[in-house]
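Have a look at the structure below before the remarks.
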Amino acid sequence: MREFFNFFLKWRFFIFFFLLEFSAIFLSFSNSKFHKNIYAGSSNFMIGKIYEVNYKLRRYFLLEIENEKLLNENKRLRDAQIFSKIRKISKDFKKEDINYLQQYIFTPVQIINNSIHEQENYITINKGSIDGIKPDMGIILSNGIAGIIIKTSTHFSIAISILNPKIKVNARLKKNKYFGTLSWDGMNYEYVILYDIPRHSTIHKGDIVETDGKSATFPEGIPIGKVYSYKFDEEHANYVIKVKLMANFSTIENAYVVKNLLKQEWNNLQLYKVENK
């Protein structure tokens with residue numbers, strides 16, 4: 001106790017001065033409109049900053065949920081688009097009787113592994129047989145096609161990437177509908193090659209290349225890329241077209257698995273054709 005009194009006596013003038021200064025500042029802010037505004041402005045600034053940081057943190061932690069919502073909304077829109085359906089016409093062919101039968105539905109997935117620098121590249125997605133994923137289903141991106149499912153487990157699937165020489169895709173020039181076979185030459189992950197375009201076709205740099213719907217894997221009219229360059233193959237009498245992919249395969253994360261609801265019917269007919277040749 002004696003030490004406390006000694007300390008107080010030693011510093012009494014400084015303590016008294018501090019109390020007077022604190023009282024003056026308090027009274028100043030209490031009575032001055034100007035100082036009130038400054039204080040209020042500072043408070044609002046600090047509160048605003050707190051809200052901003054809180055918002056950014058919430059956005060960061062909720063980003064995955066928002067992405068999932070966006071993918072599901074895109075799925076709904078894709079399911080509703082005309083290219084997901086086939087036209088069904090009544091036998092009397094009256095225009096007013098035209099309607100559409102759903103052919104394709106789309107399951108949103110995440111790409112959890114993707115190679116681009118191998119000679120044979122593959123893609124792994126985060127959904128499998130429990131989600132209805134099966135081999136031979138196509139994978140499409142928001143701006144292109146990615147590959148075809150080749151193997152599934154309960155919760156995961158592996159697809160052969162379009163950046164794999166083993167995969168062949170039916171594709172066409174959007175402008176004039178001339179079709180050929182699309183495959184990767186194993187060189188650059190930004191480009192694929194479209195073969196077998198006939199010599200009488202008119203081609204220009206920048207023409208869009210899309211799926212032609214001649215297989216049960218991909219719907220008709222999915223954009224793949226644009227004509228980058230082309231040359232005429234004298235030996236086979238057709239064009240060889242270098243196509244720049246619309247999708248950047250080094251950054252792909254989200255995709256859709258294409259489920260063809262009429263695939264079994266399609267396959268049965270193709271099998272019948274083979275057996276009766």
Side-chain angles (χ1 to χ4, degrees), residues 63-64 66-68 70-72 74-75 78 104-172 180-196 208-212 214-219 221-230 240-260 263:
L63 185 60
E64 185 174 349
E66 291 300 320
N67 282 339
E68 187 70 20
L70 182 60
L71 284 172
N72 287 325
N74 287 339
K75 171 194 178 310
R78 285 185 176 275
Y104 298 97
I105 58 175
F106 303 86
T107 300
V109 297
Q110 288 185 332
I111 295 172
I112 57 177
N113 191 33
N114 171 44
S115 62
I116 59 174
H117 297 299
E118 306 295 331
Q119 281 299 304
E120 297 179 358
N121 294 293
Y122 294 88
I123 295 170
T124 305
I125 62 173
N126 68 336
K127 291 188 178 180
S129 58
I130 196 172
D131 305 291
I133 309 299
K134 298 178 181 179
D136 295 329
M137 288 182 173
I139 300 178
I140 66 173
L141 307 166
S142 61
N143 55 350
I145 63 176
I148 299 174
I149 301 292
I150 56 173
K151 186 174 180 59
T152 65
S153 64
T154 305
H155 298 102
F156 302 96
S157 300
I158 293 177
I160 184 170
S161 170
I162 193 176
L163 302 178
N164 190 318
K166 290 182 177 180
I167 189 174
K168 310 292 182 184
V169 177
N170 294 322
R172 70 186 182 193
T181 302
L182 191 84
S183 66
W184 190 50
D185 61 359
M187 301 297 290
N188 189 320
Y189 70 85
E190 294 183 301
Y191 301 92
V192 291
I193 308 298
L194 178 60
Y195 299 93
D196 304 327
I208 293 177
V209 175
E210 62 182 14
T211 55
D212 67 359
K214 288 182 170 60
S215 75
T217 304
F218 296 106
I222 302 293
I224 299 173
K226 294 182 179 181
V227 173
Y228 180 79
S229 63
Y230 56 93
V240 176
I241 301 175
K242 188 174 184 179
V243 179
K244 183 172 176 58
L245 295 168
M246 291 184 179
N248 183 350
F249 273 70
S250 66
T251 61
I252 57 175
E253 293 181 349
N254 300 311
Y256 301 88
V257 172
V258 181
K259 297 179 180 179
N260 186 347
K263 187 177 181 66

Practice problem: Please name the pair of heavy atoms, one in Leu182 and one in Val192, separated by the smallest distance, quoted to 0.1 Å. | Solution: CD1-CG2, 3.7 Å
Practice problem: Kindly give the heavy-atom pair with the smallest separation between Gly144 and Ile222, and that separation in Å. | Solution: O-CG2, 4.0 Å
Quiz prompt | Inter-residue atom distance His117.NE2 - Asn188.CG, 0.5 Å rounding | solution = 9.5 Å
Quiz item: What distance do Ser129 atom OG and Ile149 atom CD1 have between them, rounded to the nearest 0.5 Å?
Solution: 11.5 Å
Quiz item: Closest approach of Asp212 and Lys214, non-hydrogen atoms and distance?
Solution: OD1-N, 3.0 Å
Quiz item: Can you tell me how far the CD1 atom of Ile140 sits from the OH atom of Tyr104, to the nearest 0.5 Å?
Solution: 10.5 Å
Self-check item: Residue pair Tyr122 / Ser161, side-chain heavy-atom distance below 4.5 Å
Solution: no
Practice problem: Return yes when atom OH of Tyr195 has more than 12 non-hydrogen atoms of other residues, nucleotides or ligands closer than 6.0 Å, and no otherwise. | Solution: yes
What side-chain donor-acceptor pairs closer than 3.5 Å can you find for residues 151-160, not counting sequence neighbours?
residue, atom, partner, partner atom, Å
Ser153, OG, Phe156, N, 3.2
Ser153, OG, Phe156, O, 3.2
Ser157, OG, Lys127, O, 2.7

Exercise. Take Lys259 and Ile133 through the side-chain contact (heavy atoms from CB on, under 4.5 Å) test and state the conclusion after the steps.
Key: CA-CA 8 Å; Lys259 297 179 180 179; Ile133 309 299; 4.1 Å; yes
Quiz item: Could you give the distance from OH (Tyr191) to OH (Tyr189), rounded to the nearest 0.5 Å?
Solution: 10.0 Å
For residues 243-250, which side-chain donor-acceptor pairs fall under 3.5 Å, sequence neighbours excluded?
residue, atom, partner, partner atom, Å
Asn248, OD1, Ser250, N, 3.1
Asn248, OD1, Ser250, OG, 2.6
Asn248, ND2, Ser250, OG, 3.4

Exercise. Report yes if the side chains of Ile125 and Gln110 come closer than 4.5 Å at any heavy-atom pair, otherwise no.
Key: no
Exercise. Check whether any side-chain N or O of Thr181 sits under 3.5 Å from a backbone N or O of Asn170 as a donor-acceptor pair, and report yes or no.
Key: no
Quiz item: Is there a side-chain contact between Ile145 and Ile167, using heavy atoms and a 4.5 Å cut-off?
Solution: no
Quiz item: Are Glu210 and Arg172 close enough that some pair of their side-chain heavy atoms sits under 4.5 Å apart?
Solution: yes
Quiz prompt | CG on Asp136 to CD1 on Ile150, rounded to 0.5 Å | solution = 10.0 Å
Quiz item: What heavy-atom pair brings Pro219 and Val258 nearest, and what distance separates the two atoms?
Solution: CD-CG1, 3.9 Å
Quiz item: Which heavy atom of Ile116 sits nearest a heavy atom of Trp184, and at what distance?
Solution: O-CH2, 4.3 Å
Quiz prompt | Side chain Asp185, main chain Met187, donor-acceptor under 3.5 Å | solution = yes
Self-check item: Where Ile139 and Ala255 come nearest, the two heavy atoms and their spacing
Solution: CG2-CB, 3.6 Å
Quiz item: Of all residues at least two apart in sequence or in a different chain, which pass the side chain to side chain donor-acceptor pair (under 3.5 Å) check with Ser115?
Solution: Asn121
Quiz item: Would you say Lys166 has more than 12 foreign heavy atoms packed within less than 6.0 Å of its NZ?
Solution: no
Quiz item: At what distance, to the nearest 0.5 angstrom, does CD1 of Ile112 lie from CD1 of Ile123?
Solution: 11.5 Å
